[in-house]
Amino acid sequence: MSAFKIQGGRPLHGTVDVPGSKNAALAILSAVPLIEGTVALDNVPDITDVHHKLRLLESLGAQVAWREGTLFIDCTELHSCEADEESVRPIRTSFYLLGSLLARRGYAKLPAPGGCRIGARPVDFHLKGLELLGAKVDLVSGCFVAKAERLVGAEIYLDFPSAGATQHLMATAVRADGVSVIQNAAVEPEVTTLAEFLNRMGARIEGAGTSTVTITGVARLTPGAFRVPEDRLQAGTYLIAGAITGGEVTVTDILPECQTALVNKLREAGAEAAEGPDWVTVSAPKRLKGIRVKTMPYPGFPTDIQQPMAALLGLASGQSVVEETIYESRIGHIPELNRMGAKMTVEGRATVIEGVTCYRGAIVETSDLRAGAALCVAALAAEGETLVKGLALIDRGYDGFEGRLRSLGASVRRLSLTERIGDKAQEE
Ligand code: EPU
């Protein structure tokens, strides 16, 4: 197991850029089987989820190559439309291949994705939508087997604006006959990015980024090039890392409008923020004040930033409440933050936080990707040394995390832990 050794108490200062968006890249990688020919993708983040997904595509027959930072994928010759448990379960978006394989080959068999440490994460909207598009989907021995002689345009209403279901069904409908309309669609920027990608390849999608998305099916897509936009969630994490340490951090080459919810809540807590056409700066006093935060679908406060935000509010004066409305159990960070001296309790869907004046270094372990980010930002502000274990989860979504934090003045080292933590830790 590996860990970050973080020496806390240094205010972060400086400017940092962020890599391409994990969630946009993963959605695009689920849609590439729709395209015959070589697609060139720039700014794909170097994270384990991407590498895992590429291995899965290769196992289906895709040709994958990296040349000078650009990812080339050719799905012309797909020799299989079936994936095994190991390649699908760890990455939920692998399941979104069901629609693109179905559209391309009329058949797909993929293991059902499991729940995870943030909630049950059902796929009922995906299945209902695929059936409306003309597929027959059966659950056979834990795998979804989908068949369709042809897909046909349909009107699909989502009971909740699910980002994944919108992406999956939008991409599938691109190769259906006729017009599809997705009502109550998610408006997350990663949905818009996927639509831009598909339109660049010849799809006809209108309204992405609004709650009604209209897709006019096309017979084939033509390969081309696309650049994955920067990751708004990594950007938000660095802004919080600056604020929790009482420093000043600028994140560049981003869309400031994607940070609106976070920036406004940080201002409400007493931080100062400024923004330009492609940057946001946040600076914070030594101590912020407690506030209420409620996660919502975009453009509301992102669930993926809720955990680092709770870490920040754990050091704010007075009481804070962080209400999670998207996932039922995105709370793995709480016992670990409490080990560091936080005073947090879970009441239903809310984390109630009594602000403390300091965190103290401890050995903590991450339960999921964003819990890992929360523990790291807490450690940056803590007195003394913290070991954050479970980096495999952080590496799923943060590209060059420790390097970027170090460039802002943080003391972060990646350790390979052998035997007893502490005396046997070795730097990698
Ligand atoms: N939902 C259902 N049925 C479905 C689909 C979703 O009930 O068929 C529910 C979910 O259980 C959840 C809500 O709808 O309560 C919203 O889930 P959504 O489908 O929007 O989430 P997702 O597409 O599975 C993506 C991101 C998540 C991010 C959410 C919300 C990817 C790979 N994942 O998940 O990112 O939290 O949207 O914005 O794009 C992360 O990056 O750490 C992460 C978990």
Side-chain angles (χ1 to χ4, degrees), residues 18-58 60-67 69-76 78 83 87-88 91-104 108 110 126 162-175 182 185-205 208-209 213 215 218 220-234 255 258 298 396-397 399:
V18 284
S21 159
K22 164 178 87 79
N23 292 344
L26 292 174
I28 289 171
L29 293 180
S30 292
V32 287
L34 291 168
I35 305 158
E36 286 152 76
T38 304
V39 170
L41 296 172
D42 278 318
N43 208 31
V44 175
D46 182 9
I47 52 177
T48 53
D49 271 15
V50 162
H51 294 295
H52 195 100
K53 191 77 169 274
L54 291 175
R55 280 200 298 277
L56 169 55
L57 286 169
E58 281 177 321
L60 302 175
Q63 301 287 320
V64 174
W66 293 87
R67 283 196 292 276
T70 300
L71 173 62
F72 296 89
I73 309 173
D74 182 352
C75 289
T76 309
L78 290 179
S87 33
V88 172
I91 302 187
R92 183 178 167 80
T93 56
S94 298
F95 168 72
Y96 310 169
L97 285 164
L98 200 67
S100 46
L101 293 174
L102 191 63
R104 187 68 196 281
L110 297 179
H126 300 245
S162 153
T166 305
Q167 290 167 324
H168 188 183
L169 299 173
M170 181 173 81
T172 308
V174 160
R175 301 252 325 232
I182 305 176
V187 300
E188 262 67 8
E190 295 76 21
V191 172
T192 314
T193 297
L194 178 63
E196 284 167 1
F197 165 76
L198 290 167
N199 282 344
R200 179 78 57 85
M201 309 294 143
R204 291 175 59 199
I205 301 171
V213 180
I215 306 112
V218 295
R220 68 185 302 270
L221 296 175
T222 14
F226 188 77
R227 183 177 191 280
V228 177
E230 277 63 26
D231 192 309
R232 66 189 169 102
L233 304 168
Q234 293 191 55
L255 291 174
C258 293
Y298 188 83
R396 290 184 62 170
D399 176 355

Check whether more than 12 heavy atoms from other residues, nucleotides or ligands sit under 6.0 Å from atom CD of Gln63, and answer yes or no. no
Solution key, residues 93-101 side-chain donor-acceptor pairs under 3.5 Å, sequence neighbours excluded:
from   : atom 1 : to    : atom 2 : distance (Å)
Thr93  : OG1    : Lys53 : NZ     : 2.9
Ser94  : OG     : Ile91 : O      : 3.2
Ser100 : OG     : Ser30 : O      : 2.6
Ser100 : OG     : Leu97 : O      : 3.3

What's the separation between atom CD in Gln167 and atom NE2 in His126, rounded to the nearest 0.5 Å? 9.0 Å
Kindly give the heavy-atom pair with the smallest separation between Leu41 and Val44, and that separation in Å. CB-CG2, 3.6 Å
If you look at every heavy atom in Ala186 and Thr166, which pair is closest and at what distance? N-OG1, 3.0 Å
Minimum heavy-atom distance Val218-Gly202, with the two atoms named: CG1-O, 3.7 Å
According to the side chain to side chain donor-acceptor pair (under 3.5 Å) rule, which pairs have a member within residues 192-202, sequence neighbours left out? none
Counting C-beta onward and ignoring hydrogens, is there a side-chain heavy-atom pair between Phe197 and Val39 closer than 4.5 Å? yes
Under the side chain to side chain donor-acceptor pair (under 3.5 Å) definition, can you give me all pairs with a residue in residues 222-234, not counting sequence neighbours? Asn43-Glu230, Glu190-Arg232, Arg227-Glu230, Asp231-Gln234
For the residue pair Ala62 and Leu78, what are the closest heavy atoms and their distance? N-CD2, 4.3 Å
Spacing of Leu198 atom CG and Ile205 atom CD1 [to the nearest 0.5 Å]: 4.5 Å
Ala83: what forms a side chain to side chain contact (heavy atoms under 4.5 Å, CB included) with it, not counting sequence neighbours? Leu56, Ser87, Val88, Leu110
Contacts of Asp399 that satisfy salt bridge (charged side-chain N to carboxylate O under 4.0 Å, His left out) - sequence neighbours left out: none
Are any of the side-chain heavy atoms of Pro229 and Leu255 separated by less than 4.5 Å? no
For Pro223 versus Met201, what's the shortest heavy-atom pair and its separation? C-SD, 3.9 Å
Mind listing the side-chain donor-acceptor pairs of residues 20-29 below 3.5 Å, one per line with the distance, residues two or more places apart or on another chain?
from  : atom 1 : to    : atom 2 : distance (Å)
Ser21 : OG     : Asn23 : N      : 3.4
Ser21 : OG     : Ala24 : N      : 3.0

What one should report as the nearest heavy-atom pair of Val191 and Ala208 is O-CB, 4.5 Å
So do Ile73 and Leu54 actually touch side chain to side chain, heavy atoms under 4.5 Å? yes
Contacts of Glu36 that satisfy salt bridge (charged side-chain N to carboxylate O under 4.0 Å, His left out) - sequence neighbours left out: Arg104, Arg175
Ala40: side chain to side chain contact (heavy atoms under 4.5 Å, CB included) partners, not counting sequence neighbours: Thr70, Phe72, Ala225
CD1 of Ile35 to CZ of Arg220: how many Å apart, nearest 0.5 Å? 10.5 Å
Using the test side-chain hydrogen bond (donor to acceptor under 3.5 Å, both in side chains), find all partners of Thr76 that sit at least two apart in sequence or belong to another chain. Asp74
